[in-house]
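Notes follow once the structure below has been shown.
Chain A is the first sequence line, chain B the second, and so forth, proteins listed ahead of strands; every chain is numbered from 1.
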There are 2 protein chains.
Amino acid sequence: MLSRTMIAPTPDMRTGLLPTLPPKADSRFFSTAHPGLLGTLASYGKDEEIYGDDEPADYVYEVVSGAVRTCKLLDDGRRQIGAFHLPGDVFGLESGPAHRLTADAIVDTTVRLVRRRSLEAAAQGDVRIANALWATTARDLRHAEDHMLLLGRKTAKERVAAFLLEMDRRLTVAGMLDLPMCRRDIGDYLGLTLETVSRVLSQLQQEGVLGLSGARHIVLRNRQRLHGMNI
Amino acid sequence: MLSRTMIAPTPDMRTGLLPTLPPKADSRFFSTAHPGLLGTLASYGKDEEIYGDDEPADYVYEVVSGAVRTCKLLDDGRRQIGAFHLPGDVFGLESGPAHRLTADAIVDTTVRLVRRRSLEAAAQGDVRIANALWATTARDLRHAEDHMLLLGRKTAKERVAAFLLEMDRRLTVAGMLDLPMCRRDIGDYLGLTLETVSRVLSQLQQEGVLGLSGARHIVLRNRQRLHGMNI
DNA sequence: CGCGTGGTTGACACAGATCAACCAGAGTGG
DNA sequence: CCACTCTGGTTGATCTGTGTCAACCACGCG
């Protein structure tokens, strides 16, 4: 797993393909707040696996640049993406011994990784760190709960609207939405086929809700209408 | 919320409508291991709300007898049940300030409740308790991740098979499966309609995989076939 | 320039939803 | 003890949203 390009941690490595967001509240225990836990940088190419399902969960990751998907796979190829991880996001933190999903890079990606043992050791002495670990898992759980509602009960249009609003919140810069993932990834995230995703996006463009300039370059023109679809 | 029947905690209150399972690993911090946190018993009638979405999450609950569903509701009535909670299960534990789902009793139910503040205070002094809190949230997350795959990518038959195996694991006594929930609840858990659930169960009965004696009384006759359907 | 990957669009199929009728068992009250 | 009712469950007929299959398009790259 660690046969990756290792890069010495330099402060300005954070600038990458995607804009760097301000660090999330629950990634504060990572790097910044605790210099002793600075971690190592590693880079992965497009579609490269970062860790696999059932592998020992010895490291915790933070996206520095690029984008990561975590997913479950059935042997006949069906896939469910649980979450997309963008710069600033922490992923791969487990309470148990092994990872429950596979993580791979969607585009060329740099991550900062920290031994989980170090974090847990730090948590022994500092309740705030223990709390941050818990809060990180709790945030993932909240996302999963929202996503279960989407997958179980929402229509294709509602799902795509929810996706657009989520990505808008997380990676819009200057009114622009630059998606790192392909239509298949979006479909596997939303429990749809890539064709349905494409059709709904075209329909939303027709309706003037968004503008497409190149498949991955989206401008939201009417967030209110999108919020209306999102229920 | 606490205008419920309060019962003094007596040791043998644990025996109820449903058989009591051995306590789960991550409910150990509850009651048994820490006598100071014994908690209060409360009872709720069928379909009574235990707590609502967005209410302050001041208490943590353990099912003593009965069964609880936690769900999200859209204003047009669509509902997604995130989990069923059976005797021995802990639910309602949040890391943030408010509950993210609504909890209500499926049948007449008794729960033991503990102030969350007490648990967090105990966690300050005892790392094992802090770990148990984290592990509880992590277990919920694992369940949600598995359920996202089910909701996003599995067929009706696969979903029902998964449901039967889950319930079999959690509440079969003497080869018998006594479901506390109605077909609509099962549908809202699996992202299906109650009619589809009913049809699939009938089909499985036809195929000899299970026996139905009364809609809620199920005997699994071929777990291997069910596991095959579950992928 | 040709090729390959990713995206769009169309025609059609089908799993599961919807609508509706009917059925079974548990209370309830005469 | 039997009608009556009510809730929950089953089954059938039909509809529809999304999947499937296939053709085509557009851009980027060697």
Side-chain angles (χ1 to χ4, degrees), chain A residues 17 45-47 67 69 74 76-80 106-108 150-161 163-164 177-207 210-218 229, chain B residues 17 45-47 67 69 74 76-80 106-108 150-163 177-207 210-218 229:
Chain A
L17 295 177
K46 179 170 147 65
D47 292 324
R69 61 178 173 248
L74 296 173
D76 61 0
R78 282 178 288 174
R79 187 177 67 154
Q80 179 62 47
I106 296 175
V107 293
D108 291 351
L150 179 148
L151 293 170
R153 290 302 180 205
K154 293 193 180 178
T155 66
K157 199 169 177 179
E158 288 165 352
R159 293 179 201 209
V160 172
F163 170 75
L164 289 171
L177 195 49
D178 248 312
L179 298 178
M181 70 290 282
C182 66
R183 297 292 187 261
R184 175 175 298 278
D185 286 341
I186 300 173
D188 286 347
Y189 180 56
L190 299 178
L192 301 170
T193 59
L194 62 97
E195 291 95 332
T196 298
V197 172
S198 179
R199 272 184 252 270
V200 173
L201 285 173
S202 297
Q203 192 198 339
L204 291 176
Q205 186 182 28
Q206 221 91 75
E207 296 174 8
L210 55 82
L212 284 165
S213 48
R216 310 226 181 154
H217 218 70
I218 298 181
M229 292 169 199
Chain B
L17 295 177
K46 179 172 146 64
D47 291 324
R69 62 179 172 247
L74 296 173
D76 62 359
R78 283 177 288 173
R79 188 177 66 154
Q80 179 61 47
I106 296 175
V107 293
D108 291 351
L150 179 147
L151 293 170
R153 290 301 182 206
K154 292 194 181 178
T155 65
K157 200 168 177 181
E158 288 166 352
R159 293 179 201 209
V160 172
F163 169 75
L177 195 49
D178 249 310
L179 297 178
M181 70 291 282
C182 66
R183 296 292 188 262
R184 174 174 300 278
D185 285 341
I186 301 173
D188 286 346
Y189 180 56
L190 299 178
L192 301 170
T193 58
L194 63 95
E195 291 96 331
T196 299
V197 172
S198 179
R199 271 183 251 270
V200 173
L201 285 172
S202 297
Q203 191 197 340
L204 291 175
Q205 187 181 29
Q206 221 90 75
E207 296 174 8
L210 55 82
L212 285 165
S213 49
R216 310 225 182 157
H217 219 68
I218 299 181
M229 291 169 201

Q: Write down the distance between CD1 (I186(A)) and P (dG6(C)), rounded to a whole number of angstrom.
A: 13 Å
Q) Among R199(A), Q206(A), E207(A), which one satisfies side chain to side chain donor-acceptor pair (under 3.5 Å) with Q203(A)? A) E207(A)
**Q.** Among L194(A), V200(A), L201(A), the one residue meeting side chain to side chain contact (heavy atoms under 4.5 Å, CB included) with V197(A)
**A.** L201(A)
(Q) Could you tell me how far apart L194(A) (CG) and dT8(C) (C1') are, to the nearest whole angstrom? (A) 10 Å
Q. Any donor and acceptor pair, going by atom type alone, linking the side chain of R183(A) with main-chain N or O of T193(A) inside 3.5 Å?
A. no
Q.
Under a 3.5 Å distance rule, please check whether Q80(A) uses its side chain to pair with a backbone N or O of D188(A) as donor and acceptor.
A. yes
Q: Provide, to the nearest angstrom, the distance between the CD atom belonging to Q205(B) and the C1' atom belonging to dT10(D).
A: 11 Å
Q: Would you kindly give the CZ-to-P distance between R183(B) and dT11(D), to the nearest whole Å?
A: 10 Å
Q: Keeping the roles fixed (side chain from R159(B), backbone from G187(B)), state whether a donor-acceptor pair exists under 3.5 Å.
A: no
Q: With axes from five pairs an end, tell me the bend angle of the helix from dC1(C)-dG30(D) to dG30(C)-dC1(D), nearest 10°.
A: 30°
Q) Which pair of non-hydrogen atoms, one from G45(A) and one from D108(A), has the smallest distance, and what is that distance? A) CA-OD1, 3.4 Å
Q) Rounded to whole angstroms, how far apart are CZ on R216(A) and P on dT5(C)? A) 14 Å
Q. Is it true that a side-chain atom of R216(B) and a backbone atom of P180(B) form a donor plus acceptor pair closer than 3.5 Å?
A. yes
Q.
For a quick test of reading the model: is some side-chain N or O of R184(B) closer than 4.0 Å to OP1 or OP2 of dG8(D)?
A. no
Q: Classify every nucleotide of nucleotides 14-30 of chain D by which part a protein heavy atom approaches to under 4.0 Å, writing B for the base, S for the sugar-phosphate alone and - for neither, in 5'-to-3' order.
A: ----SSBB---------
Q) Can you tell me how far C1' of dG25(C) sits from CG of L212(B), to the nearest Å? A) 15 Å
**Q.** Main-chain N/O of L192(A) paired to R153(B) side chain as donor or acceptor, under 3.5 Å
**A.** yes
**Q.** N/O (side chain, S198(B)) to phosphate O (OP1/OP2, dT11(D)) under 4.0 Å
**A.** no
Q | Donor-acceptor pair, side chain of D178(B) and main chain of H217(B), under 3.5 angstrom | A | no
Q) Could you state the CD1-C1' distance from I106(A) to dG6(C), rounded to the nearest angstrom? A) 15 Å
